[in-house]
Peer 1: 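To start, I am sharing the structure in question, which I have written as structure tokens.
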Amino acid sequence: MSNAEMPKAYESSAVEEKWYSWWESNGLFHGRPDPAKKPYSIVIPPPNVTGILTMGHVLNNTLQDILARWHRMEGDEVCWFPGTDHAGIATESRVEKYLREKEGTSRDELGREEFVKRVWSWREQYGGTIIRQLRKLGTSCDWERERFTMDEGLSDAVKQVFVQLYEKGYIKRGKRMINWCPVSRTALSDEEVVYKEENGKFYHFKYPLSDGSGFLIVATTRPETMLGDTAVAVPIGDPRYRHLVGKTVDLPLTDRKIPIIEDPHADPEKGTGCVKITPAHDPNDFEVGLRHNLDFINVFTKDAKMNERAGKYAGLDRFECRKQVVADMERLGLLDKIEDLVHAVGYSERGGVPVEPMLSEQWFVKMDELAKPAIEAVRNGTIRFYPERWTKTYFHWMENIKDWCISRQIWWGHRIPAWYNEKNEVYVGVNPPEGDNWRQDEDVLDTWFSSWLWPFSIMGWPKDTPEQKYFYPTNDLVTGPDIIFFWVARMIMAGYEFKGAPPFRNVYFTSIIRDDLGRKLSKSLGNSPDPLDVIARYGADALRFSIIYIAPIGMDIRYANEKCEIGRNFANKLWNACRFRKMQGAVSENFRNLAGIDPAKLAPDEKWILAWTDRTIRSAREALEGFKFHQAAHDIYEMVWSTFCDWFIESCKPRLYGDPEAKKQTLAVLDFVLWKLLRLLHPFMPFVTEELAHQMDFLKEDESIMYAHYPETLEKLGLGALADGLDTVLGQVEDKFELVRAGRNLRISYDIAPGRKLKYHIKAATDAQETFLRNETGNLKFLLNAEEVTVSQEDYRAEDGTGAPSALVNAGAIFLPLKGVIDVEAETAKLNKQKKELLGWIKGSEAKLGNPGFLAKAPPKVVEDAKTHLAEMKEKLARVEEALKSLN
RNA sequence: GGGUGUAUAGCUCAGUUGGUUAGAGCGUCACGUUGACAUCGUGAAGGUCACUGGUUCGAGUCCAGUUAUACCCACCA
């Protein structure tokens with residue numbers, strides 16, 4: 001590195017570009033089985049291939065990158081497996097939209113084969129944008145291992161799993177009630193339905209008894225379904241209706257007569273107790289239909305319009321039909337009343353419209369047996385959740401798990417490996433059956449049917465690969481709690497079923513990011529920042545650090561772009577600390593180990609900063625081990641900014657400008673600490689730390705901080721001797737800094753320009769303090785910007801006997817002698833305020849110590865501390881009173 | 001209807017197993033171009049820890065209840 005001066009401010013963009021391509025082209029992200037090292041692996045939650053980077057991805061991938069980089073520095077063999085998900089329905093509709101807008105064609109016009117081809121080429125051209133964007137964030141994924149859920153190998157895994165579960169009897173085909181999305185025209189799993197509270201209407205209809213003896217009143221929120229009614233149910237043994245059971249009603253608007261049946265589904269407490277039964281369009285009614293062998297009349301088309309079974313309503317949209325049915329019923333005098341009610345309506349997550357419960361032939365996976373080992377694994381701690389409370393959500397779902405509807409009536413996805421022949425036989429196998437009388441099932445599998453295999457399919461399963469032996473199970477999973485059912489739970493089940501082992505050991509659930517008003521980020525609100533813009537403006541390190549720094553543990557994050565100033569300013573602070581250091585000359589030769597330094601000769605400040613560095617190393621590592629990223633970020637931030645820059649660097653300046661030996665020593669300590677701080681910070685801010693490590697010559701040109709060892713404490717480095725006698729010195733240095741603060745305060749309260757040189761007098765409280773502070777006078781002069789600092793155990797007295805403004809601190813008192821400017825009244829007031837405070841403390845302490853209960857029951861240590869504290873307060877009070885006396 | 005969070009300074013949040021009279025950042029205010037940094041520095045003001053009750057020598061911290069708020073689950077015709 002030349003001596004060219006570093007710029008005054010850190011410029012992120014060029015630096016980030018440079019290092020990322022250097023890391024990647026040198027293969028520093030690549031992980032390979034290495035028996036000599038401990039494996040550490042993560043699989044990325046595969047983003048949709050159609051996706052673009054959002055703030056959610058930023059948070060999620062920053063956390064994974066912190067883990068990956070940290071473990072790499074700990075010496076583990078790290079592999080972070082990246083890739084994308086084919087996202088069946090989402091991608092299919094994305095490409096459909098593209099074809100409509102750009103080519104004026106459609107899926108149906110192109111036909112299946114051609115359409116699927118188009119999706120692949122769309123993916124070639126536009127897909128995977130997010131993968132390129134992730135690089136801007138600095139993510140250290142092993143790109144050589146990037147996979148796509150539709151890759152050949154992953155498709156093999158899907159087929160293998162399907163066949164295996166089919167042969168085990170866990171996968172079955174059957175006609176059941178499913179959630180139908182009329183927009184995507186496919187079945188959905190229960191998890192893909194989101195419920196929204198809505199203000200709806202509750203329509204009460206009169207159904208005339210066929211014998212003309214009156215009406216039964218039924219209520220519904222969905223009048224259009226009455227066209228598919230095939231019974232009216234009444235409660236079992238209900239005296240109001242008992243005599244009607246077995247008779248029929250004339251179903252209005254149709255020419256059908258439908259039976260009146262007794263069924264427990266009818267609740268006598270609700271409404272009239274009578275319920276219309278639509279077995280083809282309601283899950284409960286379906287059950288009733290089975291029990292009573294009723295007809296199942298489907299009145300909807302695949303896009304939820306009325307079909308020919310709806311008679312004159314055929315062709316109408318379901319909501320239009322609803323209006324007309326109500327109008328017609330009213331006209332016929334069969335509308336009893338309409339009530340308002342709030343109810344939950346199930347919407348298709350992707351389609352954005354209410355789902356239609358429909359009776360349909362689909363493939364299902366029986367989940368209850370698969371769930372058993374997965375429940376046990378979380379219960380016995382083999383797999384741990386952070387925050388732990390998510391286990392409750394997990395258990396609740398797993399213990400009530402339902403069959404999983406896995407077939408989708410779309411074209412983009414893994415086609416179901418089942419074939420049928422004319423004799424209606426079914427063949428299920430990894431490879432197509434012999435002979436040409438077989439046609440393959442038209443449906444594809446739910447996207448999640450490939451995602452749940454991700455942790456091992458990405459490593460080559462079902463083939464036997466060294467990667468699986470070495471990297472499976474993975475260590476940590478970082479994901480959002482919104483996909484705990486979709487993905488996390490199912491991966492655990494798949495892990496046990498197909499690998500006989502958990503897919504990961506720890507699951508860290510990220511927070512949800514909201515805007516600064518607490519609203520969810522969404523495109524339509526326009527409150528969703530583009531991370532690439534933010535990176536361009538503030539830098540990737542700034543974004544990464546800021547988002548971790550502001551992320552409260554287990555709660556939603558309030559994000560606004562301005563918050564990236566935290567990270568940007570911090571990077572700049574670090575940059576300038578290094579810039580300052582560079583101005584002092586070349587890096588110390590012993591910056592790695594402080595070789596040749598005599599522990600006995602360390603200045604108090606130097607011991608103090610070494611102690612703080614150790615403390616921070618311990619707390620940061622402990623925080624990372626417990627997935628407390630936010631806390632690690634805060635600890636390091638505080639250490640760098642306040643402890644290192646504000647106090648250590650400032651305080652060491654006098655030594656830099658004096659004795660060359662002292663300068664050499666202090667620079668060595670500074671370098672030693674700085675190099676540790678850069679490494680501590682690297683997982684959080686990879687770019688600026690790599691740049692600075694090179695700028696400072698901590699690394700050779702071909703070395704990367706990515707593989708520098710994560711900092712260890714002095715003791716672990718075998719440098720324990722440097723920490724000898726730290727305890728006493730620590731308190732003295734802290735007291736010294738408190739004294740400095742008090743001195744600056746005096747200056748300000750007397751309104752003296754900071755530039756003006758002053759004299760201070762310090763009254764030391766003890767002999768030890770006096771000795772210590774005398775040795776520090778040079779240092780104190782600098783920190784206080786004073787031309788002279790005197791130390792004794794006496795109060796300050798001017799020649800004419802007047803006192804001076806002063807402040808009391810632990811170390812003693814600091815006086816600011818100012819000729820004739822002492823404001824006796826103000827000083828008295830200040831001291832009286834302090835006295836009042838002290839008396840409060842003393843009163844409280846004495847009360848506590850006078851309490852027999854406290855003395856008897858509190859731990860001895862606490863009692864001892866209280867006594868010490870009281871003594872200190874009393875001693876301080878005595879000093880305040882003395883000072884008060886001297887004023888008069 | 002069940003379940004899970006959250007409630008501490010103007011704002012956003014820390015606060016470890018209960019132990020001095022509760023902290024940080026931002027914002028506000030005052031002062032400042034001291035040779036790393038105005039993306040900065042030195043200071044100041046600002047809180048009956050949502051409410052009620054309980055346990056305890058001692059509660060922001062534990063327990064019960066209340067209120068507010070957010071989210072998740074559930075086939076309420």
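In what follows, chains carry the letters A, B, and so on, assigned in the order in which the sequence lines appear, proteins first and then strands, with residues in each chain numbered from 1. Keep in mind that this is a model prediction, so the values were computed, not measured.
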Peer 1: Provide, to the nearest angstrom, the distance between the CG atom belonging to A/L667 and the C1' atom belonging to B/A36.
Peer 2: 14 Å
Peer 1: Sort out the partner of B/A7 for me: Watson-Crick or G-U wobble, both distances under 3.5 Å, none otherwise.
Peer 2: B/U67
Peer 1: Is the phosphate of B/C37, meaning OP1 or OP2, less than 4.0 Å from a side-chain N or O of A/K573?
Peer 2: no
Peer 1: Distance check needed: B/U20 C1' versus A/L849 CG, whole Å only.
Peer 2: 11 Å
Peer 1: For the P atoms, the ones on B/U6 and on B/C62, what distance do you get once it is rounded to whole angstrom?
Peer 2: 10 Å
Peer 1: Expressed in angstrom and rounded to an integer, what is the separation of A/E339 atom CD from B/A77 atom P?
Peer 2: 11 Å
Peer 1: What's the gap between B/U4 and B/G60 when it is taken at their P atoms, as a whole Å value?
Peer 2: 26 Å
Peer 1: Atom OG of A/S189 and atom CZ of A/F486: how far apart are they, to the nearest 0.5 Å?
Peer 2: 5.5 Å
Peer 1: Do the side chains of A/D190 and A/K402 get close enough for a salt bridge, i.e. N-O under 4.0 angstrom?
Peer 2: no
Peer 1: B/G25, B/A36, B/A70: which one has an atom nearest the side-chain heavy atoms of A/R514?
Peer 2: B/A70
Peer 1: Which of the following nucleotides, B/G19, B/A77, B/U42, is nearest to the side chain of A/D646?
Peer 2: B/U42
Peer 1: What does B/A44 pair with, Watson-Crick or G-U, if both distances are under 3.5 Å?
Peer 2: B/U28
Peer 1: Which is more 5' along RNA chain B, the nucleotide nearest A/I649 or the one nearest A/F570? Just name the residue.
Peer 2: A/I649
Peer 1: Distance between the P atoms of B/A14 and B/U56, in whole angstroms?
Peer 2: 31 Å
Peer 1: In whole Å, what separates the C1' atom of B/G43 from that of B/U48?
Peer 2: 28 Å
Peer 1: Hey, can you tell me if A/F205 and A/Y207 have their rings parallel, tilted or perpendicular (30° and 60° cut-offs)?
Peer 2: parallel
Peer 1: Can you check whether A/N745 has a side-chain N or O nearer than 4.0 Å to OP1 or OP2 of B/A44?
Peer 2: yes
Peer 1: Output the rounded distance in Å from CE (A/M696) to P (B/A36).
Peer 2: 14 Å
Peer 1: Counting the atoms with a prime plus P, OP1 and OP2 as sugar-phosphate, which does A/K653 contact under 4.0 Å by heavy atoms, base, sugar-phosphate, or nothing?
Peer 2: base
Peer 1: Counting Watson-Crick and G-U wobble pairs only, both distances under 3.5 Å, name the nucleotide matched with B/G35, or none.
Peer 2: none
Peer 1: May I ask you to evaluate whether A/R744 reaches the phosphate of B/G43, defined as a side-chain N or O under 4.0 Å from OP1 or OP2?
Peer 2: yes
Peer 1: Once you apply a heavy-atom cut-off of 4.0 Å, does A/A9 come out as touching a base, just sugar-phosphate, or nothing?
Peer 2: base
Peer 1: Sticking with atom P, work out how far B/A22 lies from B/C26, rounded to a whole angstrom.
Peer 2: 23 Å
Peer 1: Starting at the 5' end of RNA chain B, which residue's closest nucleotide do you reach first, A/P859 or A/D190?
Peer 2: A/P859
Peer 1: Is the shortest side-chain N to carboxylate O distance from A/R176 to A/D403 below 4.0 Å?
Peer 2: yes
Peer 1: Nearest whole Å is fine: how far is B/G43 P from A/E650 CD?
Peer 2: 12 Å
Peer 1: Between B/A74, B/A77, B/G35, spot the one nearest the side chain of A/Y195, thanks.
Peer 2: B/A74
Peer 1: Which nucleotide in the set B/A77, B/G19, B/U6 lies at the smallest distance from any side-chain heavy atom of A/M555?
Peer 2: B/U6
Peer 1: For the pair A/E846 and A/K874, find out whether any cationic side-chain nitrogen is under 4.0 Å from an anionic carboxylate oxygen.
Peer 2: yes
Peer 1: Assess the residue pair A/L670 and A/F644 against the criterion (side chain to side chain contact (heavy atoms under 4.5 Å, CB included)); give the C-alpha distance rounded to whole Å, side-chain angles, the decisive distance to 0.1 Å, and a yes or no.
Peer 2: CA-CA 9 Å; A/L670 197 156; A/F644 185 68; 3.9 Å; yes
Peer 1: Kindly confirm or rule out a cation-pi arrangement of A/K573 over A/Y637, judged by NZ or CZ under 6.0 Å from the six-membered ring centre and within 45° of its axis?
Peer 2: no
Peer 1: Let's see if you can work this out: which of B/A36, B/U6, B/A77 has an atom nearest to the side-chain heavy atoms of A/F580?
Peer 2: B/A36
Peer 1: Give A/D282 one of three labels, base, sugar-phosphate or nothing, depending on what nucleic acid heavy atoms sit under 4.0 Å from its own.
Peer 2: nothing
Peer 1: Has A/K8 got a side-chain N or O lying under 4.0 Å from the OP1 or OP2 atom of B/U39?
Peer 2: no
Peer 1: Has A/K392 got a side-chain N or O lying under 4.0 Å from the OP1 or OP2 atom of B/U4?
Peer 2: yes
Peer 1: My understanding is that a pair needs two contacts under 3.5 Å, Watson-Crick or G-U wobble. By that rule, which nucleotide pairs with B/A22?
Peer 2: none
Peer 1: Whether A/W647 contacts B/U42 is assessed here as follows: a side-chain N or O lying under 4.0 Å from the phosphate OP1 or OP2. Is that the case?
Peer 2: no
Peer 1: If you measure from the C1' atom in B/U28 to the same atom in B/G47, how many Å do you get, rounded?
Peer 2: 16 Å
Peer 1: Using atom C1' of each nucleotide, how far apart are B/G25 and B/C75 to the nearest Å?
Peer 2: 49 Å
Peer 1: For a quick check of understanding: with a heavy-atom distance under 4.0 Å over all strands, which category does A/D267 fall into, base, sugar-phosphate or nothing?
Peer 2: base
Peer 1: Considering only atom C1', compute the distance from B/U16 to B/C73 and round it to an integer number of Å.
Peer 2: 32 Å
Peer 1: Closer than 4.0 Å, any side-chain N/O of A/R558 to the OP1 or OP2 of B/U12?
Peer 2: yes
Peer 1: Would you indicate whether A/E787, at its atom CD, is surrounded by more than 12 heavy atoms from other residues, nucleotides or ligands within a distance under 6.0 Å?
Peer 2: yes
Peer 1: Roughly, in whole Å, what's the span from NE2 in A/H265 to P in B/A77?
Peer 2: 9 Å
Peer 1: Of the nucleotides B/G35, B/C13, B/C37, which one has an atom closest to the side chain of A/H630?
Peer 2: B/C13
Peer 1: In terms of side-chain heavy atoms of A/K402, which of B/G19, B/C75, B/U20 is nearest?
Peer 2: B/C75
Peer 1: Rounded to the nearest angstrom, tell me the gap between atom CG in A/N851 and atom C1' in B/G19.
Peer 2: 13 Å
Peer 1: Would you classify A/E638 as touching base, sugar-phosphate or nothing, given that sugar-phosphate means primed atoms plus P, OP1 and OP2, and contacts are heavy atoms under 4.0 Å?
Peer 2: nothing
Peer 1: For A/E349 and B/C73, give me the distance from atom CD to atom C1', rounded to whole Å.
Peer 2: 15 Å
Peer 1: With a 4.0 Å cut-off on N to O distance, would you call A/D340 and A/K201 a salt bridge?
Peer 2: yes
Peer 1: Of all the choices, B/U42, B/A74, B/U39, which nucleotide is nearest to the side chain of A/N572 once you look at every atom?
Peer 2: B/U39
